[in-house]
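Report on the structure given below.
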Amino acid sequence: MTLTQSTNQALLDAQLNLLDNTFGYIKSMALKAALDLRIADAIEHHGGAATLPQIVDRVTLHPSKIPSLRRLMCVLTVSGVFGVQPTDGSSELLYALTPTSRLLVGPRNLVSITAMSLSPHFVASYLELGTWFQQELPEPCIFKMAHGEPLWKLAEHDATFDALINDGMVSDTSFIMDITIKESGEVFQGITSLIDVAGGLGAAAQAMSKAFPHVEYTVLDLDHVIAKAPTGTNVKYIAGDMFESIPPANAVFLKWILHDWGHDDCVKILRNCKKAIPPRDAGGKVIIMDIVIGAGQSNVKHREVQALFDVYMMIINGIERDELEWKMMFSEAGFTDYKIIPVLGVRSIIH
């Protein structure tokens, strides 16, 4: 290969990387289409593998779009959402569920949290990302720039959007709590009462109550959230504001809460947590489930998703933190020690 050929190949490789980043949103929209059409459910109906005609039989699709569906499935297979293989004695390809698409079926699926992240409310917001960088913090956040009001304010008066958020959180919580209890159940040992702060509809508290039924569980959240809380469970629900006070308990649980807020707000929340629990030698504990950037696996995909989550949280002026940033907050809030357990994929348990 000559120097000119080598240079040209480097240019083409650079263009390939640029195109891959430019059209990355197509993968997201292909996934959204798969959710809208319930393609994973269609494949699951046929035992986990199905031909295109079998998928078409189960989804709402205009017949003229069948060739386009084949093209969509090509994107979804090269991106690893579905698998594909030839069928014996037929020209039809067989599309199969992969570990990724199996997360879109079954009782603990991640459809709602994925649909939330891919909803127009969220996706459209990032079209303002470049403009947002030209504005002084803290206001407005990206979401407010795009929609005229903060995310939480919209959820207060838009029932459809509120349900989108709540269903998404329940979806994620049901999935991750099952793994948390199996992998790090010892974190919850010795607790007699627990407050799930900003715990929404109580999916985390309900999961913990099944695994540790001797513990008294309470969910603290805002009025409009608690108004939709389920009844007939072993979990109590209290309307309140974590910035004002947190009811007393043996332990405080914060799942994916602190990444929503800036440093000063997090310190305020953590100080209220410290007031709510007994001293450490008396069993007091704060349990946090959140991302610690740099913790856990060192592979490229892991690091990339953590970085993407950090920019994702810019939508509400939130932030993902590395260990030093977490340590600074804990120290300022009056905590002298902590432990990070990176056992939840890109997330960790901190206590």
Side-chain angles (χ1 to χ4, degrees), residues 25 27-42 58-62 72 103-129 132 139-177 196-207 219-233 235 237-242 255-257 259-261 308-309 311-318:
Y25 73 95
K27 291 197 293 185
S28 298
M29 292 302 100
L31 177 58
K32 184 180 185 303
L35 296 180
D36 294 342
L37 295 171
R38 301 187 64 178
I39 292 175
D41 289 321
R58 299 291 301 179
V59 302
T60 303
L61 185 77
H62 193 278
L72 179 72
L103 297 178
L104 305 178
V105 297
R108 285 195 174 88
N109 67 70
L110 293 175
V111 169
S112 293
I113 186 67
T114 307
M116 183 196 86
S117 300
L118 295 176
S119 71
H121 281 101
F122 283 76
V123 174
S125 298
Y126 288 96
L127 297 177
E128 303 292 337
L129 184 59
W132 175 82
E139 291 291 347
C141 64
I142 299 171
F143 191 93
K144 185 176 180 179
M145 284 186 64
H147 304 290
E149 59 184 326
L151 184 150
W152 309 120
K153 288 294 183 183
L154 179 61
E156 286 181 12
H157 64 79
D158 186 326
T160 301
F161 183 66
D162 188 45
L164 179 75
I165 299 297
N166 286 330
D167 291 347
M169 292 300 100
V170 169
S171 167
D172 175 72
T173 299
S174 298
F175 170 79
I176 203 67
M177 287 306 299
D196 185 1
V197 174
L201 301 181
Q206 291 174 44
V219 171
L220 174 74
D221 216 311
L222 299 174
D223 289 336
H224 76 277
V225 178
I226 296 300
K228 300 179 179 67
T231 58
T233 72
V235 177
Y237 293 85
I238 296 178
D241 188 337
M242 62 187 175
K255 174 195 169 286
W256 250 8
I257 302 302
H259 73 166
D260 291 345
W261 305 97
L308 290 171
F309 256 116
V311 175
Y312 177 62
M313 293 313 301
M314 288 181 185
I315 195 170
I316 54 173
N317 285 346

### Query
Can you name the closest pair of heavy atoms from Asp41 and Val105 and give their distance?
OD1-CG1, 3.5 Å

### Task
Check Lys32 against Pro120 and note the closest heavy-atom contact, atom names and distance.
CE-CD, 4.5 Å

### Query
Measuring from Met116:CE to Leu110:CG, what's the distance to the nearest 0.5 Å?
11.5 Å

#### Entry: Trp261 vs Met242, side-chain contact (heavy atoms from CB on, under 4.5 Å): CA-CA, chis, key distance, verdict
CA-CA 12 Å; Trp261 305 97; Met242 62 187 175; 3.4 Å; yes

### Message
If you define the side chain from C-beta out and look only at heavy atoms, does anything of Ile142 sit under 4.5 Å from Asn317?
### Response
no

### Message
Assess the residue pair Phe309 and Trp256 against the criterion (ring-ring contact (aromatic ring centres under 6.0 Å, His included)); give the C-alpha distance rounded to whole Å, side-chain angles, the decisive distance to 0.1 Å, and a yes or no.
### Response
CA-CA 12 Å; Phe309 256 116; Trp256 250 8; 5.4 Å; yes

### Task
Please name all residues satisfying ring-ring contact (aromatic ring centres under 6.0 Å, His included) with Trp132, sequence neighbours left out, ordered by chain then number.
none

### Message
With a 4.5 Å cut-off on side-chain heavy atoms, are Asp162 and Glu156 touching?
### Response
no

### Task
Give a yes or no on this: more than 12 heavy atoms of other residues, nucleotides or ligands lie within 6.0 Å of atom NZ of Lys153.
no

### Query
Are the side chains of Ser171 and Arg108 in touch, meaning some heavy atoms are under 4.5 Å apart?
no

#### Entry: Value rounded to 0.5 Å, distance of CG in Asp260 from CG in Leu151
8.5 Å

### Task
Rounded to the nearest 0.5 Å, what's the gap from CD on Glu128 to CD1 on Ile315? Could you check?
11.0 Å

### Query
Between the side chains of Glu149 and His157, is a donor N or O closer than 3.5 angstrom to an acceptor N or O?
yes

### Leu37 and Thr60: CA distance, side-chain angles, deciding distance, side-chain contact (heavy atoms from CB on, under 4.5 Å) verdict
CA-CA 7 Å; Leu37 295 171; Thr60 303; 5.6 Å; no

### Query
Within a strict 4.5 Å, meaning less than it, do heavy atoms of the Met169 and Leu201 side chains meet?
no

## Note on the structure
Residue pairs meeting salt bridge (charged side-chain N to carboxylate O under 4.0 Å, His left out), one or both in residues 165-176, sequence neighbours left out, come to Asp172-Lys255, Asp172-Arg347

### Query
Any chance the rings of Tyr312 and Phe143 have centres within less than 6.0 Å?
no

### Query
Should Leu129 and Val311 count as side-chain neighbours, where that means a heavy-atom distance under 4.5 Å?
yes

### Residue pair Ser112, Val170: steps toward the side-chain contact (heavy atoms from CB on, under 4.5 Å) verdict
CA-CA 8 Å; Ser112 293; Val170 169; over 6 Å; no

#### Entry: CG on Asp196 to CD1 on Ile257, rounded to 0.5 Å
7.5 Å

### Task
Can you measure from NE2 (His121) to CG (Leu154) and round to the nearest 0.5 angstrom?
5.0 Å

### Query
Arg38 and Val59: which non-hydrogen atoms are nearest, and at how many Å?
O-CG1, 4.2 Å

### Task
List the steps, then state whether side-chain contact (heavy atoms from CB on, under 4.5 Å) holds for Val219 with Ile238.
CA-CA 6 Å; Val219 171; Ile238 296 178; over 6 Å; no

### Summary
Closest non-hydrogen contact found for Phe122 with Ser117 is CB-O, 3.6 Å

### Query
Is the closest side-chain heavy-atom distance between Leu103 and Phe175 below 4.5 Å?
yes

### Task
Look up atom CD1 in Ile226 and atom CG in Asp221, then write down how far apart they are to the nearest 0.5 Å.
5.0 Å

### Closest approach of Leu220 to Asp241 (non-hydrogen atoms, all atoms of both residues)
CD1-N, 4.5 Å

### Message
For Ala203 versus Ser174, what's the shortest heavy-atom pair and its separation?
### Response
CB-OG, 4.3 Å

